[in-house]
Amino acid sequence: MHIKKYLLKCLHRLQKGPGYTYKELLVWYCNNTNTHGPKRIICEGPKKKAMWFLITLLFTSLVCWEWGVFIKTYLSWEVSVSLSIGFKTMDFPAVTICNASPFQYSKVKHLLKDLDELMEAVLERILAPEQSYGNASKALNSTIWNYTPLVLIDEQNPHHPVVLDLFGDNHNGSAPGRTCTAQACKVAMRLCSLNGTVCTFRNFTSATRAVTEWYLLQATNIFSQVPNQELVEMGYPAERLILACLFGPEPCSYRNFTSIFHPDYGNCYIFNWGMTEKALPSANPGAEFGLKLILDIGQDDYVPFLTSTAGARLMLHEQRSYPFIKDEGIYAMSGTETSIGVLVDKLERKGEPYSQCTMNGSDVPVRNLYSDYNTTYSIQACIRSCFQDHMIRNCSCGHYLYPLPRGQRYCNNREFPDWAYCYSHLRMSVAQRETCINMCKESCNDTQYKMTISMADWPSEASEDWIFHVLSQERDQSTNITLSRKGIVKLNIYFQEFNYRTIEESAANNIVWLLSNLGGQFGFWMGGSVLCLIEFGEILIDFVWITIIKLVAFAKSLRQRRAQACYAGPPPTVAELVEAHTNFSFEPDVAGPGPDPGTYPDEQTLPIPGTPPPNYDSLRLQPLDIIESDSEGDAV
Amino acid sequence: MAPGEKIKAKIKKNLPVTGPQAPTIKELMRWYCLNTNTHGCRRIVVSRGRLRRLLWVLFTLTAVALIFWQCALLISSFYTVSVSIKVHFQKLDFPAVTICNINPYKYSAVRDLLADLEQETRTALKNLYGFPENKSRKRREAESWTSAWEGTQPKFLKLVPLLAFSQDETSKARDFLTGRKRKVSGSIIHKASDVMHVHESKEVVGFQLCSNDTSKCAVYTFSSGVNAIQEWYKLHYMNIMAQVPLEKKINMSYSAEELLVTCFFDGMSCDARNFTLFHHPMYGNCYTFNNRENETILSTSMGGSEYGLQVILYINEEEYNPFLVSSTGAKVIVHRQDEYPFIEDIGTEIETAMATSIGMHLTESFKLSEPYSQCTEDGSDVPISNIYNAAYSLQICLHSCFQTKMVEKCGCAQYSQPLPPAANYCNYQQHPNWMYCYYQLHQAFVREELGCQSVCREACSFKEWTLTTSLAQWPSEVSEKWLLPVLTWDQGQQIKKKLNKTDLAKLLIFYKDLNQRSIMESPANSIEMLLSNFGGQLGLWMSCSVVCVIEIIEVFFIDSFSIIARRQWHKAKEWWARRHAPPGPQGQDNLGLDIDDDLPTFTSALRLPPAPGTEVPGTPPPRYNTLRLERAFSDQLTDTQMPAES
């Protein structure tokens, strides 16, 4: 009971508002609020009053609506973009250099011997079937390759295409399709699964493409069985590839390059990768302050069927990122000097919730297989990891071109006879790619190196002799010239005059923006501020209090009515009863002439002279105490 | 009495319903300043001392001026845009790729048509430069042509003579045909000197174009004979080709099977059927990949060269026209499917015996049209009819504009652009002086005198493929041996010879990665933003709001006018009364006028809640001020309710 009493007291003290009725409260509020409209409602004439009431209502709703608009805009997490362009000292990009041919033919010959022989035989059969057929007695060791044979489909009769096995034994050699040309015959690859029971033909419109694809498939099969160490040894060593290196004024050598084994291009060398030591900065634009390289691609030692394009492959990328050189690399031609001016085009995005990107790939549901190289996340890495994942799930072996998860094996014909069929299906599957694209998120920082490429003949005819001589002497310690125009590549990589273009995202609508706009709207329509809102809240609380008091009074009156059932006239209200009880000068105006709307009460009830009417302020407060005491009395 | 009534009475007593019912403007201003919601005004009235009041007037006026200035800035910068750049990694539509041989027609096929022209060109070369006639192209039996030509009249040179001028005497020129000097009449237009000055050229070469009657002639000169002869040849070439029907031209040019040896896209084989023919007047048959109507656009879901387009092209250099084109190779252009490939304007040239790898990056741009910028969404609001069968672009608009003007002025259409409806290509059988007309018009076009540049507007959205081109040797030394025979087999019956590596060019076009950048413009301001900025300005300088503005309108316009009107009405009434009645109430009127000045606290008195003292009945004597006021008001105002006096 004590607690209740205490609480009630507290509440009463809290609710000492400006009025005891709704109207009073409202009038008080309108008169004293700092918002502009309400004041006008009460201090104008009746017509204007109505107008001002409408205006205030209209403005209030406008303010509410536009607040809604702003809050919605804020929650849409838009970004604004700032662009900056100029020159600054930046880390020189990492430069990856590969040879277009992955291996030196002289070193892989023993592995590819059988395959090459077979390939030559196939070519012979395609090109000149009649003649080659005569001396086809050459025994082809085709047993290993029989899993995915090349076939010739004769479509001279479109309803009955004749399929001829190019490796096949000579039994149906007299078939009429032997003399067909490219217009009628198509070379295709037969891919079989389940011990050769389910087969599909992968058609090619050109024989060139067909044999290249077939050779690549078989070569993959061979190289996947060779341990990595041996593969590295078969590739081009750094000292053979990189003849001269100059970074700005400082000399560098092949030792400044980090070696990495790339399945497509063999040994690749990365300059300024920043893995072990700090990245090198470049503080000046222009070719003199960039990287100058002389390479020898050794075109004579290319694997003839594996690559038909000769040149160096190079790519610029960020420090500590894996070079996806097959996608983003460019060629540099032999016998030329290729100058590459670099502009670093950087896009820095804000992460969630502004855009759907990932900062470091930790929230992507694909295991990054390239993390073994200690490289940063990129979407290419994710997509490849995803593909390898699918490959292992569907074909139970990993593809040679992508890194291998722990405990898995690369595909080869001996252990996984169906792999080519499986891989071919998976590679063509659009659904697989889309799953991967949807699973992988792009990374928030996207750096592109915009290159301005120009070429010139190098070395010039006049300087050719001595340059080749010096370079041969340095590399091979021989007086003979071991280099030629066909193998030598010069590269200049340097920053352009404007070397960066950074596009940075920032939140378009921050909380300050929101508040200032909310304030602006409220101020514009109604001249209000946060304090006005607090005022309004206060009034609301008062409103609630009045309601409570009224309810209490109503409950009391009900009880009293039940107690003393009848009155002579209309039953007095609670307030009147209470007032009559405590205030001696109180006169109930029941007997009065009744409310007359036209006249003022003051005019009618002139107080008795000499006794001033009770001060209204004090009166206002009094009923409270009485109610309080009353309730106390009840409680006790 | 019901409590409601009581309250009502109380409200009425405490808060007398009054308005700015001041009798004079001054009063009204005073009332306004004291009661307005804007800050500053009140200070003017309340301040004591002239200096202080002046200062406050200054401050208030400055604030008002600032508000106007800032709001004007806000309005003037309303139509600005903010740019956002977005990156998406997604499946991308592969663009249409148009491939042309640089040489338009097989020379063996068009030679019959061009025989006379070739002969005359050679003669001109011989006459001026001593170029040996028969050594250059041994394959061609020029001797037979020479003998056949001996007797005939040179029609091309006669029509448009090639001339050599020496620098000092520009009016004399040496004729290429005869080697004689002859006098040149008419104006001489140095083609090069219009845009830039050519210095120190001893002898200039040019050709003379005359309109129908030879009185009006123009001479176009070039600093080098190479340019002059090529230009001259091209002019005649267009004349001749304009008369050849399209089907014949298509047949004379290369077929898709011939041009494309192999084709591979996204791991799948493709062939000539995947290419659509597009005949270009200056480049002959071009073939567009991924532009087939009624078929879905191919897309790429992986980056890298394997997943792009790989083609090997057959470029037969022996069939090249020696005067029309002087370079060998093919031209490639990457464009949108509905875009017209302007192969002569933009395009990457690729070399033979090389692998050209073109990496692409896609950038999409969207601009906002009116009123933000002058761009057009689809060209429908540009007053130039699109004569190309393609989506609108600035280039199309300019070319269409020129062609339309050409048909208007010269009566025929220029050969290298499509035909507008109901027009023919120019040739000198039907339009003998079209060349003069064309050159004049072209000059005017370049000088922006035709108004095309001002009429044509850029398109609002465009896709741009940034290309990174790199070259490598192809085929490599070691693979050449097996590759060439297989490619010959692939080419099959199309050609009857063994392929050489200089006849072939390899082209790779692919997406480097699937990052697509979209540059989008969006309105920097919305109407809500503008309003809230207004609100900020108004609030900052004067704590004003729309309510204040309404107040100002109310007070300064409605109330002021009503006061003035009332005055006038009063005066009129008085005047009427004076005319009809003896001048009695003059004193009263004077009294009323006097009152105005010494009633400084009228409104404040009205507005303040009645002091408790006043309610004490009977005790205070009636205050004269209020009494007077009431009298002054009672006959004027009918709608005012004065608080009842106790």
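A quick note: this is a predicted structure, and the numbers were derived from the prediction, not measured. Below, read A as the first sequence line, B as the second, and so on, with proteins coming before strands; counting in each chain starts at 1.
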**Asked** Got more than 12 heavy atoms from elsewhere within 6.0 Å of NZ, Lys486(A)?
**Response** no
Considering only heavy atoms, which portion of [X] lies under 4.5 Å from any heavy atom of chain B: side chain, backbone, both, or neither?
| X | value |
| --- | --- |
| Ile503(A) | side chain |
| Ser334(A) | side chain |
| Thr56(A) | neither |

**Prompt:** Counting N and O atoms only, with roles assigned by atom type, does the side chain of Trp482(B) sit under 3.5 Å from a partner on the main chain of Pro304(A), one being a donor and the other an acceptor?
**Reply:** yes
**Message:** Main chain of Tyr331(A), side chain of Ser470(B): is a donor-acceptor contact present, judged purely on distance under 3.5 Å?
**Reply:** yes
**Message:** So which residue, His88(B), Gln537(B), Met268(B), Met529(B), ends up with the most heavy-atom pairs under 4.5 Å with chain A?
**Reply:** Met529(B)
Using a 4.5 Å cut-off on heavy atoms from C-beta on, say whether the side chain of [Y] contacts that of [X].
| X | Y | answer |
| --- | --- | --- |
| Leu347(A) | Ile85(B) | yes |
| Glu528(B) | Thr73(A) | no |
| Val478(B) | Tyr105(A) | no |

With only heavy atoms counted, which part of [X] is less than 4.5 Å from chain A, the side chain, the backbone, both or neither?
| X | result |
| --- | --- |
| Leu540(B) | neither |
| Ser82(B) | neither |
| Leu471(B) | both |

**Request:** Select, from Arg202(A), Lys450(A), Gln356(A), the one with the greatest count of heavy-atom pairs under 4.5 Å involving chain B.
**Result:** Arg202(A)
**Asked** For chain B, which of Thr336(A), Asp446(A), Val79(A), Asp300(A) has the most heavy-atom pairs under 4.5 Å?
**Response** Asp446(A)
**Asked** Do you see a donor-acceptor pair shorter than 3.5 Å between the side chains of Gln299(A) and Ser476(B)?
**Response** no
